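One structure is given here, and the rest of the page talks about it.
These numbers come from a predicted model, not from an experiment.
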Amino acid sequence: MLNYSDMPLDRCSNVRKDPIWLKGQLSSQSVWLLVKNNETLFIKNTPQIKFLPYEKIAQLNLTNALFLGLNTKKNGVFALDVSTLDDTILTPIISGAEFMDIRKQGPLVDIKEGSIAALARGLCYWHATHRFCGRCGSKNHLVEAGHSRLCENERCKHPTFPRTDPAVIMVVTKTFADGIERCLLGRQAVWPTGMYSSLAGFVDPGETLEQAVAREVKEEAGIDVDDVTYVASQPWPFPSSIMLGFFAKATSEQINVDKDELDDAKWFSREDLANFGNWHDEGEHLKLPRTDSISRYLIEHWRTNP
């Protein structure tokens with residue numbers, strides 16, 4: 001199972017719009033995740049996410065609480081963005097815990113808890129960056145338990161919903177004249193030295209996913225592809241994407257890198273990849289991407305299934 005993709009909560013999409021029902025979930029049995037400046041609350045010096053009981057946060061302003069769903073005990077699980085909260089108020093509440101980017105803990109985080117925390121972070125980011133109506137520019141406010149915002153201009157009243165940007169990510173393969181199958185990986189200049197990863201890009205309007213795969217590979221590496229096959233998807237709310245993973249077959253082999261897109265791209269065999277390190281390793285040797293990413297999943301899937 002891919003990280004951030006095993007959501008254990010019942011999102012209660014049909015009933016969370018009911019203010020009376022929602023108020024009932026704000027009980028002493030509710031569970032809370034705090035987010036500050038896009039960082040998640042962890043128990044100090046551990047990869048364990050800190051879920052707070054209602055009594056810990058009851059004195060705070062909960063107007064902008066975000067309902068995430070019901071857990072297996074049928075208790076409401078909420079997120080609250082505390083980015084603007086003064087440390088003198090926050091410090092006693094989070095005693096023994098610290099805020100951290102969830103991606104720093106990555107695969108060490110329990111996959112179900114990580115999925116909840118990723119949803120919380122994604123929703124908090126969306127609310128923080130959509131405080132005004134995109135149609136008329138007026139202020140809007142949170143509605144539907146945090147899953148929509150509504151324009152306050154009476155002549156507009158435009159609703160806005162959390163957005164997810166589709167992005168394709170692909171391992172392109174080709175069997176060369178020497179009989180060895182290789183995959184195409186690229187790297188961006190800002191990545192750790194030596195790290196190579198699957199090619200990826202956002203889907204354009206009016207474009208199928210298969211067309212997006214072919215276009216991105218051609219634009220970034222100058223390689224033509226066909227036989228585009230879907231493999232798996234991964235929520236990536238950092239801040240607002242869904243990664244759609246594919247395999248594709250190359251029909252050309254001469255790489256022509258677009259330097260505006262990539263710093264480099266190369267063909268690698270399975271034997272080559274077996275000698276790669278990990279993205280966080282020190283040194284200038286070749287490295288694979290982080291283990292909590294679908295990119296790593298696709299590469300390992302190909303490498304171990306000749």
For side chain to side chain contact (heavy atoms under 4.5 Å, CB included), just list the numbers for F202 and S241, CA-CA rounded to whole Å, side-chain angles, deciding distance to a tenth of an Å, and then say yes or no.
-> CA-CA 9 Å; F202 288 105; S241 299; 3.5 Å; yes

Using a 6.0 Å cut-off, check whether atom [atom1] of [X] has over 12 heavy atoms from anything other than its own residue.
| X | atom1 | result |
| --- | --- | --- |
| N14 | CG | no |
| Y125 | OH | no |
| Q59 | CD | yes |
| K259 | NZ | yes |
| K36 | NZ | yes |
| K157 | NZ | yes |
| E271 | CD | no |

Do the side chains of [X] and [Y] get close enough for a salt bridge, i.e. N-O under 4.0 angstrom?
| X | Y | value |
| --- | --- | --- |
| R187 | D264 | no |
| K249 | D226 | no |
| R121 | D101 | yes |
| R290 | D292 | yes |

Do you know which two heavy atoms are closest between [X] and [Y], and how far apart they sit?
| X | Y | answer |
| --- | --- | --- |
| P289 | S293 | CB-OG, 4.1 Å |
| A214 | V225 | CA-CG2, 3.7 Å |
| A117 | L33 | CA-CD2, 3.7 Å |
| I89 | P92 | O-CD, 3.3 Å |
| F161 | S148 | CE2-OG, 3.5 Å |
| T173 | W267 | C-CZ3, 4.2 Å |

Test item: [X] side-chain N/O and [Y] main-chain N/O as donor-acceptor pair under 3.5 Å:
| X | Y | answer |
| --- | --- | --- |
| N278 | H280 | no |
| D87 | T91 | no |
| S198 | I169 | no |
| E39 | E98 | no |
| Q25 | W21 | yes |
| T193 | E284 | no |

Test side chain to side chain contact (heavy atoms under 4.5 Å, CB included) on F99 and L90 and set out the steps.
-> CA-CA 11 Å; F99 288 99; L90 190 58; 3.8 Å; yes

So how far is it from [X] [atom1] to [Y] [atom2], rounded to the nearest 0.5 Å?
| X | Y | atom1 | atom2 | result |
| --- | --- | --- | --- | --- |
| I242 | D165 | CD1 | CG | 11.0 Å |
| L66 | F78 | CG | CZ | 9.5 Å |
| F238 | I102 | CZ | CD1 | 5.5 Å |
| I255 | I223 | CD1 | CD1 | 5.5 Å |
| S5 | M243 | OG | CE | 13.0 Å |
| D110 | L108 | CG | CG | 11.5 Å |

Report whether [X] and [Y] are members of the same hydrophobic cluster (ILVMFWY, side-chain heavy atoms less than 4.5 Å apart, transitive linking).
| X | Y | value |
| --- | --- | --- |
| V77 | L70 | no |
| L286 | L185 | yes |
| V168 | Y230 | yes |
| L273 | I294 | yes |
| W191 | L298 | no |

So, do [X] and [Y] sit near enough that their side-chain heavy atoms are less than 4.5 Å apart?
| X | Y | answer |
| --- | --- | --- |
| I116 | L68 | yes |
| L41 | V82 | no |
| R11 | H147 | no |
| Q211 | R215 | no |
| C156 | S138 | no |
| H285 | N275 | no |
| L60 | W32 | no |
| E220 | V257 | no |

Specify whether H301 and Y297 have parallel, tilted or perpendicular ring planes, treating 30° as the upper limit for parallel and 60° as the lower limit for perpendicular.
-> tilted

Carefully, step by step, assess Q48 and F42 under the rule side chain to side chain contact (heavy atoms under 4.5 Å, CB included).
-> CA-CA 6 Å; Q48 186 176 345; F42 282 83; 5.7 Å; no

Has R270 got its NZ or CZ under 6.0 Å from the middle of the six-membered ring of W302, at an angle within 45 degrees of the ring axis?
-> yes

Among H130, H127, H141, the one residue meeting side-chain hydrogen bond (donor to acceptor under 3.5 Å, both in side chains) with R149 = H127

Please report the C-alpha distance between Y196 and I299 in whole Å, then the side-chain angles of each, then the deciding distance to 0.1 Å, and finally whether the side chain to side chain contact (heavy atoms under 4.5 Å, CB included) criterion is met.
-> CA-CA 10 Å; Y196 282 78; I299 294 169; over 6 Å; no

